[in-house]
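Below: the structure, in structure tokens.
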Amino acid sequence: MSKYIKKICIIGNGVHSQRIQKILKKKKINFIVFKPKSKKNYKKENLENLKKYKIFFIISPNNTHFYYISKFCKNSYIFCEKPPTNNLKELNKLKKINSNKIYFNFNFRFSRISKILSESKKFGLGKLIYSNIISGHGLAFKDIYKNSWRADKKKCPTGVFEMLAIHWIDLINYLFKIKKIKNFELKNLSKIGNSYDNCNLSLQTHNNAVIDVVCSYTSPVISKKTFIFKNGLILQDEDKIEIRGPALNIDKDNFLKKPKLIKKEILDEKKDYNESLKLSIDYFFKQINEKRKFSKKEFYDSLKINKLIL
């Protein structure tokens with residue numbers, strides 16, 4: 001690893017932080033982990049001794065992201081978990097911050113489905129018409145959820161919307177450009193905590209494709225993604241991705257049937273998620289190694305997605 005990758009501080013020590021720590025350990029990167037002594041009064045802690053670190057991974061509760069960014073953005077590179085903030089006032093302040101060294105971890109951009117969708121023209125699929133994305137699991141039924149900040153409206157006002165749906169909103173914007181969120185609905189079906197454990201929304205792209213997204217913390221594990229193009233399909237479930245086309249496929253009795261299989265990939269979603277996270281971290285470090293800044297477009301695209309969920 002480059003000599004520039006040194007003096008790393010990770011803020012937060014939850015489950016996701018430990019995933020990232022594991023990746024850094026495999027890369028033989030040294031770091032320290034800072035976790036506030038008081039969850040209620042994190043702003044009162046003296047952070048001056050942390051300013052010697054040149055790289056920060058902010059993997060703390062969503063409502064603390066802006067505070068830590070504002071403390072360390074002047075002289076350090078920052079890898080911050082999404083969303084940048086869950087507060088509109090803080091979002092407006094973020095727009096005025098020097099963004100050149102800040103990277104927000106929308107790691108679904110590095111997933112296999114992202115790669116395949118970006119190559120849709122190569123397969124002759126044509127324009128996207130419609131998509132349906134369903135992503136769910138039973139997190140709300142785990143014992144740890146009850147006292148988790150994810151279930152607390154003060155720390156995570158929109159719950160699963162800002163935790164999970166935001167990834168899909170970002171990916172759709174990254175690939176197809178969102179025009180608007182047509183409608184959305186938030187629910188607390190588990191009655192555990194006071195934040196939201198279910199959401200559904202409908203997006204419209206600039207090319208007038210409609211994308212329906214359903215995300216749940218109270219369902220069995222389910223992962224279904226359907227992308228309907230003018231001349232074919234891209235389909236993903238828990239264990240495979242299929243590309244099918246062209247649209248016109250006629251059987252011997254002159255009936256239309258399912259488009260022919262162009263390509264099929266076996267998929268392990270857990271491995272795919274971990275790989276997307278690793279690739280996102282690699283991208284972050286590459287910028288540092290090459291002494292490059294992050295583009296303003298990248299920064300403001302992340303803020304655009306943040307504004308959509310607020």
Short question: side chain of Asn105, backbone of Lys82 - any donor-acceptor pair under 3.5 Å?
no
Tightest non-hydrogen contact, residues Tyr145 and Ala140, listed as CD2-CA, 3.4 Å
Counting N and O atoms only, with roles assigned by atom type, does the side chain of Asn231 sit under 3.5 Å from a partner on the main chain of Gly124, one being a donor and the other an acceptor?
yes
For Lys296, is the NZ atom crowded, meaning more than 12 foreign heavy atoms sit under 6.0 Å from it?
yes
Inspect the contact between Asp143 and Lys146 and indicate whether a charged nitrogen and a carboxylate oxygen are less than 4.0 angstrom apart.
no
Test salt bridge (charged side-chain N to carboxylate O under 4.0 Å, His left out), reference Glu269, set Lys224, Arg112, Lys225, output is Lys225
Is the side chain of Lys191 donor-acceptor paired with the backbone N or O of Asn188 at a distance under 3.5 Å, no angle test?
yes
Between Asp170 and Arg109, does any side-chain N to carboxylate O distance fall below 4.0 Å?
yes
Does a donor on one side chain sit under 3.5 Å from an acceptor on the other, for Tyr103 and Ser280?
yes
When you measure from the side chain of Ser131 to the backbone of Thr226, do you find a donor-acceptor pair of N or O atoms at a distance under 3.5 Å?
yes
Residues Glu119, Lys122: salt bridge by 4.0 Å N-O rule
yes
NZ (Lys260) with more than 12 external heavy atoms under 6.0 Å
no
With no hydrogens and no angle check, do the side chains of Glu298 and Ser302 hold a donor and an acceptor under 3.5 Å apart?
no
Taking the six-membered ring for Trp and the single ring otherwise, decide whether the centroids of Phe57 and Phe284 are under 6.0 Å apart.
yes
When you measure from the side chain of Asp251 to the backbone of Phe255, do you find a donor-acceptor pair of N or O atoms at a distance under 3.5 Å?
yes
Strictly distance-based, threshold 3.5 Å: is any side-chain N or O of Ser120 a donor or acceptor partner for the main-chain N or O of Leu125?
no
side-chain hydrogen bond (donor to acceptor under 3.5 Å, both in side chains) for Lys95 and Tyr300? Distances and angles first, verdict last.
CA-CA 8 Å; Lys95 294 176 183 177; Tyr300 286 110; over 6 Å; no
Salt-bridge contact Lys286-Asp282 (side-chain N to carboxylate O under 4.0 Å):
no
Report the relative orientation of the aromatic rings in Phe56 and Tyr53; use parallel for angles under 30°, tilted for 30 to 60°, perpendicular for over 60°.
perpendicular
Exactly one of Asp152, Thr85, Asn86 should register a side-chain contact (heavy atoms from CB on, under 4.5 Å) with Asn63. Which one does?
Asn86
Pair Asn173, Lys304: side-chain N/O donor-acceptor within cut-off below 3.5 Å
yes
Mark yes or no: Lys101 above the aromatic ring of Tyr77, with NZ or CZ under 6.0 Å from the six-membered ring centre and no more than 45 degrees from the axis.
yes
Does the ring centre of Phe184 sit less than 6.0 Å away from the ring centre of Phe161?
yes
Other residues, nucleotides, ligands: >12 heavy atoms within 6.0 Å of Arg19 CZ
yes
Output yes when a side-chain donor or acceptor of Asn207 lies under 3.5 Å from a complementary backbone atom of Ala209, and no otherwise.
no
Using the benzene-type ring in the case of Trp, are the ring centres of Phe229 and Phe123 under 6.0 Å apart?
no
Students often mix this up, so state it plainly: with edges at 30° and 60°, are the rings of His167 and Phe108 parallel, tilted or perpendicular?
parallel
